Amino acid sequence: MIKSAIFEPNLLNMSPKSILLFATLFLFGLMASAQYTEKINSNRPGTSQGAFSVGNNVLQLEGGFGFGKEKHKILDTKTNIFNFDYSVRYGLLIEQLEIRLNGRYRADGVTQTIGANEQKIKRSNFEINTIGAKYLIYDPYKKPKEKDSTDYKSLKSWKEHYRFKWKTLIPAVSAYAGANFVASDNPFTFPGDASISPKFVIATQNNWTTRYGGDWAFVTNLIIDKITTDNPAYGLIVTATHTINETWAGFAEYQVQKSDFYSDNIMRIGGAYLFDQDLQFDANIAFNFKDTPSVFTCSFGASYRFDWHTKDEIIEQPGLEGGVKDGEEEDEEQEGEEDEDGIEGELDELDGIENDSLKLERTPFVNDFEDDGFRDEMEQDLDQRRTEERLERERIEQEKVDKKEGKKFKKEESRRLKREAKEARAAEKAAEKAEKDKAKMIQDIDAELDKMEQNKGVDQELEDLDRQLKELENMEKELNLEEEKPEEKPEEKKEEEVDVDAEYDKYQKEQEKNKKAEEKRRKKEEKKRLKDEKKRKKEEEKRKSQEKKDDSKDQDIDEELEKFDQL
């Protein structure tokens with residue numbers, strides 16, 4: 001079994017004993033092709049058929065949908081298009097035979113302007129429905145001419161190595177025969193077409209592998225359709241596909257179709273993406289070069305295969321169709337040691353490339369040899385070389401994985417150290433802030449103590465004022481007692497004698513007494529006023545102090561919340 005001709009070149013790893021034989025096949029630049037490929041080989045995204053089938057016992061589904069517009073300049077119509085195309089392919093009985101069911105469903109809306117009126121028409125039906133079979137008639141890679149036998153001495157020639165091989169222009173050829181099925185009153189077919197009509201296709205395919213340009217596949221289809229009806233159609237499709245890498249491929253296609261019902265030249269370009277060996281996605285755009293009508297469509301699709309293929313393919317190459325000649329086998333053994341070093345240098349690029357198509361039971365590109373012992377020995381050498389290369393690749397891959405894991409560990413360790421350093425700096429800053437907060441708290445406590453001492457001094461002053469007021473009150477009481485006692489004596493002596501001087505002295509004393517009383521009263525009021533003022537100031541300071549304490553507590557709570565948020 002081999003790689004897909006579309007997505008991956010067929011490279012073969014050499015064993016030391018058979019290096020000359022297989023080096024010749026590789027350096028000749030011929031890419032062998034079989035019906036079955038390891039990876040899916042779809043006809044999408046183009047509309048042409050490849051020359052090769054999907055392989056025996058393989059079911060492949062291909063389909064897609066598209067949107068587009070048509071404009072007819074003469075009829076003055078605009079058409080919005082939706083179509084869904086499908087294809088079911090199955091390899092039956094032998095590798096060269098494939099049965100195929102394909103078709104296209106189309107739905108469109110036509111807007112036509114007649115005078116000042118605009119008319120809309122909706123149409124839908126199957127545009128194509130065909131079932132048929134394809135058979136590979138000729139494969140140039142499988143049965144070449146005997147004159148293409150190997151000349152080992154030409155391997156050292158640069159000219160022989162790089163010159164163009166004209167025989168690669170010979171394509172593989174297959175023939176397709178099928179039947180069209182159309183429903184009556186189909187708006188997309190010629191009126192009066194038969195419900196069943198034949199379709200014939202001749203498909204050719206060339207596969208090229210270039211040293212620097214990758215793989216190319218060139219497909220040509222010659223189509224004769226509905227030949228038994230009154231409206232036969234003829235067509236030509238040319239498709240070129242280029243492998244960009246192992247998963248991406250691009251294509252360009254030119255289609256010519258001619259009939260009395262419809263003729264056109266259509267260009268398609270697009271690409272395909274190989275998701276895995278059984279699934280492919282694709283996309284393309286199509287346009288034509290006229291305006292009766294002009295066509296532009298954009299399509300997307302996919303291909304999937306159910307692979308029940310079990311038999312490996314043995315593909316013949318030039319010079320090996322009759323087995324290895326006796327003389328060639330002896331020459332190989334004699335010249336193998338002399339030319340091994342030189343050829344090994346040219347084949348270094350093949351080292352490390354795995355060919356999934358190589359199976360343990362059979363060896364691709366080699367016919368049944370007349371000498372089974374030589375073949376068995378050669379296959380053992382190939383198996384041993386493949387095993388060694390596989391182990392070497394696994395070792396290299398493991399080293400890459402270990403190196404990647406080591407880099408990942410170092411990166412994570414560096415991140416961890418940076419994170420710990422950052423956390424340490426944050427903890428240090430938090431400690432410094434806590435020390436500052438502590439010092440500030442101590443200062444606030446000292447300030448509060450000072451204020452308390454000041455408040456104590458005010459209280460002492462108030463107590464002194466109270467004591468003075470009490471003394472004044474006692475003095476007033478004493479004066480009142482003194483006033484009452486002299487008043488009794490004059491009353492007792494009033495009747496006895498009246499003295500003017502005594503009365504005057506009494507009057508003077510009363511004036512002085514009243515003056516002293518007034519002075520005491522004034523001092524008392526002044527002291528009360530001072531006492532009330534100091535009480536008011538003390539209450540104001542207490543209120544301010546309480547507000548400051550409350551603000552300090554709120555600030556401390558906010559700071560604690562910020563610390564908690566940072567943590």
Side-chain angles (χ1 to χ4, degrees), residues 42-44 46-54 58-66 70 79 81-94 96-108 110 121-137 173-204 219-237 239 253 255-266 286 293 295 297 299 301 303:
S42 174
N43 287 330
R44 294 189 59 86
T47 58
S48 61
Q49 299 185 40
F52 301 105
S53 71
V54 293
V58 174
L59 175 63
Q60 187 161 307
L61 306 178
E62 303 174 5
F65 61 91
E70 291 184 1
T79 305
I81 304 169
F82 169 79
N83 57 60
F84 173 77
D85 57 276
Y86 65 91
S87 178
V88 181
R89 304 168 61 189
Y90 182 72
L92 183 65
L93 300 178
I94 58 176
Q96 293 84 358
L97 181 62
E98 171 187 303
I99 59 173
R100 182 184 182 200
L101 170 66
N102 66 288
R104 182 188 302 118
Y105 178 83
R106 171 169 170 167
D108 56 24
V110 182
I121 303 173
K122 292 184 178 181
R123 307 178 301 178
S124 62
N125 210 319
F126 283 94
E127 192 174 8
I128 300 172
N129 258 327
T130 306
I131 185 171
K134 178 174 65 177
Y135 181 79
L136 181 66
I137 299 174
V173 182
S174 65
Y176 171 85
N180 297 307
F181 297 89
V182 295
S184 59
D185 300 329
N186 192 327
F188 303 113
T189 60
F190 189 79
D193 270 357
S195 58
I196 301 176
S197 58
K199 180 177 182 178
F200 303 99
V201 179
I202 298 296
T204 67
V219 175
T220 303
N221 286 179
L222 298 173
I223 305 170
I224 301 175
D225 197 7
K226 301 179 181 179
I227 192 66
T228 60
T229 66
D230 296 333
N231 183 42
Y234 306 93
L236 170 67
I237 304 177
T239 306
E253 181 177 274
Q255 179 180 2
V256 179
Q257 58 187 53
K258 183 175 177 59
S259 71
D260 294 337
F261 180 66
Y262 183 75
S263 299
D264 207 343
N265 298 336
I266 300 175
V295 178
T297 60
S299 302
S303 303

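If you read the sequence from its start, that first residue is 1, and numbering goes on from there. Small disclaimer: the values here were computed from a predicted structure and weren't measured.
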Within the 4.5 Å heavy-atom criterion, are E127 and N83 side-chain neighbours or not?
no
Do you know the tightest heavy-atom contact between S299 and G66?
OG-CA, 3.7 Å
Taking D193's backbone N and O only, do any of them form a donor-acceptor pair with K226's side chain (distance below 3.5 Å, no angle check)?
no
Derivation and outcome, side-chain contact (heavy atoms from CB on, under 4.5 Å), residues Q96 and S53:
CA-CA 6 Å; Q96 293 84 358; S53 71; 6.0 Å; no
Please report the closest heavy-atom contact between I266 and A286, naming both atoms and the distance.
CG2-CB, 4.1 Å
What's the separation between atom CD1 in I131 and atom CG in N102, rounded to the nearest 0.5 Å?
9.5 Å
Does K258 pair with D264 as a salt bridge, N-O distance under 4.0 Å?
no
For residues L59 and V88, determine if any side-chain heavy atom of one lies less than 4.5 Å from a side-chain heavy atom of the other.
yes
Inspect the contact between E253 and R44 and indicate whether a charged nitrogen and a carboxylate oxygen are less than 4.0 angstrom apart.
no
Smallest separation among heavy atoms of V219 and S48, with atom names
CG1-OG, 4.0 Å
Are Y234 and D225 packed together at the side-chain level, in the sense that at least one heavy-atom pair is separated by less than 4.5 angstrom?
no
Determine whether a donor-acceptor pair (N or O, by modelled atom type, separation under 3.5 Å) exists between the side chain of S174 and the backbone of A51.
yes
If you look at every heavy atom in P198 and N180, which pair is closest and at what distance?
O-ND2, 3.6 Å
Supply the atom-to-atom distance R100 CZ to N43 CG, rounded to the nearest 0.5 angstrom.
5.5 Å
Minimum heavy-atom separation for K134 to G50, with atom names?
NZ-O, 2.7 Å
Between I81 and D108, the two heavy atoms sitting closest are CA-CB, 4.1 Å
Tell me, with the steps shown, if L222 and L236 meet side-chain contact (heavy atoms from CB on, under 4.5 Å).
CA-CA 5 Å; L222 298 173; L236 170 67; 3.4 Å; yes
Should L101 and T130 count as side-chain neighbours, where that means a heavy-atom distance under 4.5 Å?
no
If you count the non-hydrogen atoms of other residues, nucleotides and ligands that lie under 6.0 Å from CG in D230, is the total more than 12?
no
Close side-chain approach of Q257 and I237, heavy atoms under 4.5 Å
no
Are the side chains of Y176 and Q49 in contact, using a 4.5 Å heavy-atom criterion?
yes
Can you confirm whether N231 sits close enough to Y262 that some side-chain heavy atom of one is under 4.5 Å from a side-chain heavy atom of the other?
no
Intermediate values then yes/no, side-chain contact (heavy atoms from CB on, under 4.5 Å), T47 and Q255
CA-CA 9 Å; T47 58; Q255 179 180 2; 3.7 Å; yes
Using the side-chain contact (heavy atoms from CB on, under 4.5 Å) rule, take V58 and Y90 through it: C-alpha gap first, then chi angles, then the decisive distance, then the call.
CA-CA 6 Å; V58 174; Y90 182 72; 6.0 Å; no
Do the ring centers of Y105 and F126 come within less than 6.0 Å of each other?
yes
Taking side chain as C-beta onward, heavy atoms only, is R106 less than 4.5 Å from F82?
no
Main-chain N/O of S303 paired to E62 side chain as donor or acceptor, under 3.5 Å:
no
